[in-house]
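Protein chains get the first letters and strands the later ones, always in sequence-line order, with residue 1 at the start of each. Quick caveat: nothing in here was measured; it's all calculated off a predicted structure.
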2 protein chains.
Amino acid sequence: MQEFKQIVQAFESRLQDPELFPQITPNLYEPCRYLLALGAKRVRPALCMMGNEVFGDITEDAKNAASAIELFHNFTLIHDDIMDKAPLRRGNPTIHAKYGLTAGILSGDVMCIYAYAQLAKVNGHLQELLQLFNKTAIEVCEGQQMDMDFEERTDVTIDEYIHMITLKTSVLLACSLKMGAILGGASAENAERLYEFGKNVGIAFQLQDDYLDAFGESDKLGKQNGGDIKANKKTYLMLKAMEAANSLQHRAIEALLERDDETKVPAMLSLFSNTGADIACREAVAHYSDKAFANLEGIDVPKERKEPLFKLASYLLQRDK
Amino acid sequence: MQEFKQIVQAFESRLQDPELFPQITPNLYEPCRYLLALGAKRVRPALCMMGNEVFGDITEDAKNAASAIELFHNFTLIHDDIMDKAPLRRGNPTIHAKYGLTAGILSGDVMCIYAYAQLAKVNGHLQELLQLFNKTAIEVCEGQQMDMDFEERTDVTIDEYIHMITLKTSVLLACSLKMGAILGGASAENAERLYEFGKNVGIAFQLQDDYLDAFGESDKLGKQNGGDIKANKKTYLMLKAMEAANSLQHRAIEALLERDDETKVPAMLSLFSNTGADIACREAVAHYSDKAFANLEGIDVPKERKEPLFKLASYLLQRDK
C-alpha cells in the first residue's frame with residue numbers, strides 16, 4: 001500500500017493548487033474548491049497513474065489524465081447528491097445544501113468541463129483517450145439513470161443490478177487504469193486486460209460494500225450497520241433474498257419494507273441469511289475478485305510491475321486479512 | 001441567406017438521427033431527443049460550417065464540430081432553464097417542467113458529454129479545437145454565473161454587462177466560427193479575425209435584442225414588448241438609464257421597479273428615452289456591428305468567400321432592411 005499512498009500524496013497538490021480554478025466568479029468556483037478540499041481517497045487518479053507505471057515511469061500526460069478523472073468523478077458526486085437529495089458528503093454539507101441548487105448545477109457543470117480541460121493537456125493518444133473517456137462518462141450517466149429507475153421498479157433482476165453498478169461505478173475505475181496503460185504505451189491486449197481488471201475489482205468492491213453495510217463490523221466502518229436496509233435500497237442482498245425467498249419469506253420481506261422500527265434491520269438480516277442471500281453475495285464478491293486477479297495475472301509484463309496493483313486490489317477486497 | 005438556410009437544412013438530419021442517442025435508458029435520452037426535436041435556428045453549427053467554407057469545401061470534421069457546438073448549446077439551455085425556473089422553451093415545456101428536476105440535470109449532463117463525443121470524432125487539429133472548446137465552455141458557465149450574480153446586485157456597470165453577455169452568448173458564436181476556420185486550414189490571424197467577428201456580432205445582436213424587447217414592433221417579434229421591463233431585467237437600456245438618470249429620474253426608475261401594473265412598461269420606456277438610454281443602446285449596437293464588419297473585412301481571402309457571412313450578419317443585425 002506504500003505505493004498507493006505515495007502516489008496519492010504526490011497527486012493531491014494538483015487538486016489543491018490555488019490556480020486550478022481562477023479567482024473570478026467566486027460563486028462558481030468556491031463550491032468547486034470546497035468539495036476538492038474535503039479530501040478523498042483519490043482511488044481513480046491513483047489507478048490511472050498506477051496503470052501507467054505498470055509500463056514505465058509515470059508521465060506528465062498520465063498525471064493530467066488522472067486529474068481529469070478525479071474532476072469528472074467529483075462533478076458526478078455534485079450532481080448525484082442533488083438527485084439523491086443527500087445532505088452530507090464526506091461528513092460535510094453537500095454543495096447544493098451549502099450553496100443552493102443553482103450553485104450545485106453550475107459548479108458541477110464547470111467541474112465537468114475542467115475535467116476535459118485537464119484531458120486536453122494530454123499530448124499523446126489524445127483522440128483515443130478522449131473517446132474512451134466520453135464512452136465511460138456516458139456509461140456513468142446511464143448507470144445513474146438506471147439506479148434512479150430501479151427505485152421505482154419492483155422487478156429488478158440481479159443481472160440488471162450488476163449491470164447498473166458496473167456502469168455507475170466500475171467503468172470509471174476501469175477507464176482510469178486503461179488511460180494510464182494507453183499512455184504507458186501498453187499493447188491493446190494489455191490495456192484491455194487492465195480495463196477488465198478495474199471493472200471486476202469495481203464490481204467486487206461494490207458487492208462487498210453491500211455485504212458490509214449489512215453484515216460488517218460497524219466499528220470498522222465507522223457507521224451503523226443496516227443503512228441500506230433502513231433506506232429500502234435494492235442491493236444485491238435484497239434482490240437475491242427476494243429472488244430466493246419462498247412465499248412466506250417473500251411476504252415477510254414485503255412487510256419489513258413497510259416498517260420503520262428497530263426490529264427492521266435484525267429481521268431483514270435474518271431473512272438475508274435464511275434465504276442464503278448472504279452466502280450468495282460473498283460468493284459473488286469472490287467470483288468477481290477471482291476474475292479481477294486473473295485479468296491482472298494475464299497482463300504480459302514482469303510480475304513485479306503488477307505488484308502495486310495486486311496489493312491495492314487485495315487491500316480493497318480485503319484479501320490481505 | 002440562401003447559403004445559411006441550405007447549410008442548416010443539410011445539418012438538421014444529424015440532430016434528428018435516431019441513432020444519435022441509444023435506445024437504452026429512455027428516461028435519460030427521451031428528454032434529449034425531445035429538446036432537439038423542438039427545432040431551432042441552429043445559428044451556431046451554421047456559423048461553424050460557414051466559417052469552414054470561407055477557406056474551402058465544408059469538411060466532415062467541421063460537421064462534427066458543428067454538432068458538438070449545437071449539443072453543447074442545448075445542454076446549457078437545459079440547465080439554464082432549471083436555474084432560471086423557466087417553464088417554456090421554444091414555446092414548449094422545458095425539460096425539467098416536463099420530466100422533472102433530476103431528468104433536467106442528468107439529461108443535460110449526458111448532452112454535454114455527447115457534445116464532446118461529437119468533437120472526439122474530429123481527426124485534424126483535435127487538441128487545438130478541444131482547448132478552444134473547453135475555454136469557451138468555461139466562459140459560458142462564468143457568464144451564466146455573472147448573469148445570476150447580477151440579479152442580486154444593484155451596482156452592475158455597463159462594462160460588466162457587456163462582459164457578461166460576451167461570455168454567456170458571444171464567445172460560443174465566436175468559437176463556432178473559429179473552429180470552422182481552424183478546420184479549414186485558416187492562418188492564425190484569419191481564424192482570430194473570424195473569432196472577433198463572431199464575438200462582436202454576438203454582442204451587437206444581444207444589445208439589439210435588449211432594444212427590440214423594449215422598442216421593437218411587437219407584431220414582428222411575435223411577443224409583447226417590455227418583457228424585460230416587467231421582469232426588472234438589468235438590460236443595457238436599464239443600466240444605461242440608471243447611469244444617465246438625474247436624481248429625479250433615478251427615483252422614478254426605482255419606484256417603477258417596485259410596481260407591477262399596466263403603466264410600468266410605458267413609463268419605463270419614457271424614462272429610457274428621456275435619459276437617452278435608447279439612443280445609447282442603438283449606438284452601442286452600431287459600434288459592435290461596425291467592429292464585426294471590420295473584422296470580416298480584415299480576413300485575407302477573396303471577398304466572395306466572405307459574402308455568406310456578410311449576408312448572415314447583415315440579416316441578424318437588420319442591416320439589410
Side-chain angles (χ1 to χ4, degrees), chain A residues 21-22 24-29 72 75-76 78-80 82-85 96 100-123 126-146 148-149 152 163-164 167, chain B residues 21-22 24-29 72 75-76 78-80 82-85 96 100-123 126-146 148-149 152 163-164 167:
Chain A
F21 303 108
I24 54 167
T25 52
N27 290 336
L28 179 63
Y29 292 119
F72 178 81
F75 143 66
T76 65
I78 299 171
H79 282 191
D80 283 5
I82 299 174
M83 293 184 259
D84 298 343
K85 300 186 176 62
H96 68 98
L101 173 66
T102 59
I105 293 173
L106 197 57
S107 297
D109 290 345
V110 86
M111 183 90 88
C112 175
I113 299 163
Y114 270 86
Y116 281 100
Q118 292 293 325
L119 195 57
K121 293 182 186 174
V122 171
N123 292 308
L126 179 61
Q127 191 170 33
E128 187 178 0
L129 254 63
L130 185 60
Q131 290 180 349
L132 170 60
F133 191 81
N134 289 330
K135 172 177 165 288
T136 306
I138 287 168
E139 288 172 339
V140 170
C141 290
E142 291 172 354
Q144 169 68 4
Q145 183 65 54
M146 286 180 78
M148 292 189 302
D149 288 346
E152 311 296 322
H163 186 51
M164 182 277 283
L167 296 183
Chain B
F21 303 109
I24 53 167
T25 52
N27 290 334
L28 180 63
Y29 292 119
F72 178 81
F75 144 67
T76 66
I78 299 171
H79 282 191
D80 285 4
I82 299 175
M83 292 184 259
D84 298 342
K85 300 186 176 63
H96 68 97
L101 172 66
T102 60
I105 294 173
L106 197 56
S107 297
D109 289 345
V110 86
M111 184 90 88
C112 175
I113 299 164
Y114 270 88
Y116 281 100
Q118 292 293 325
L119 195 57
K121 292 182 186 173
V122 172
N123 292 308
L126 179 61
Q127 192 171 33
E128 188 178 0
L129 255 62
L130 184 60
Q131 290 181 350
L132 170 60
F133 191 81
N134 288 329
K135 172 178 164 289
T136 306
I138 287 167
E139 288 172 340
V140 170
C141 289
E142 291 172 355
Q144 167 69 3
Q145 183 65 55
M146 286 179 78
M148 292 190 301
D149 289 346
E152 311 296 322
H163 186 50
M164 183 276 285
L167 295 183

Taking all non-hydrogen atoms of both residues, which atom of [X] and which atom of [Y] are closest, and how far apart?
| X | Y | result |
| --- | --- | --- |
| B:His79 | A:His79 | CE1-CE1, 3.8 Å |
| B:Asn134 | A:Tyr116 | ND2-O, 3.2 Å |
| B:Cys141 | A:Leu106 | O-CD2, 3.7 Å |

Flag, side chain of B:Gln127 to backbone of A:Val122, donor-acceptor distance under 3.5 Å: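 Flag set: sc B:Gln127 to bb A:Val122 pair under 3.5 Å.
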
For the pair B:Gln145 (side chain) and A:Ala103 (backbone), establish whether a donor and an acceptor sit closer than 3.5 Å, ignoring hydrogens and angles.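 The answer is no, because no donor-acceptor pair under 3.5 Å joins these two groups.
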
Which residue out of B:Thr25, B:Leu126, B:Ile138, B:Val140 racks up the most heavy-atom pairs below 4.5 Å with chain A?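 Looking at each option in turn, the highest pair count goes to B:Ile138.
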
For chain A, find which of B:Ser107, B:Ala137, B:Gly100, B:Ala120 contributes the most heavy-atom pairs closer than 4.5 angstrom.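 Ranked by contacts with chain A, first place is B:Ala120.
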
Go through the atoms of [X] and report whether side chain, backbone, both or neither lie under 4.5 Å from a heavy atom of chain A.
| X | result |
| --- | --- |
| B:Asn27 | both |
| B:Leu101 | side chain |
| B:Asn123 | both |

I need the [X] [atom1] to [Y] [atom2] distance, nearest 0.5 Å.
| X | Y | atom1 | atom2 | answer |
| --- | --- | --- | --- | --- |
| B:Phe72 | A:Ile113 | CZ | CD1 | 4.5 Å |
| A:His96 | B:Ile105 | NE2 | CD1 | 9.0 Å |
| A:Leu167 | B:Ile24 | CG | CD1 | 7.5 Å |

Look at A:Thr102, A:Asp80, A:Leu119, A:Ile82 and state which one has the largest set of heavy-atom pairs under 4.5 Å with chain B.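 With the most close heavy-atom pairs to chain B, the winner is A:Thr102.
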
Chain B contact via [X] - which portion, at a heavy-atom distance below 4.5 Å:
| X | value |
| --- | --- |
| A:Lys135 | neither |
| A:Phe21 | neither |
| A:Phe75 | side chain |

Who are the salt bridge (charged side-chain N to carboxylate O under 4.0 Å, His left out) partners of A:Glu142, not counting sequence neighbours?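 Here no residue qualifies.
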
Please identify each residue that fulfils side-chain hydrogen bond (donor to acceptor under 3.5 Å, both in side chains) with B:Glu128, with sequence neighbours left out.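 B:Glu128 satisfies side-chain hydrogen bond (donor to acceptor under 3.5 Å, both in side chains) with no residue once adjacent residues are dropped.
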
Check against side chain to side chain contact (heavy atoms under 4.5 Å, CB included), B:Asp109 and A:Asp109: CA-CA 8 Å; B:Asp109 289 345; A:Asp109 290 345; 3.7 Å; yes

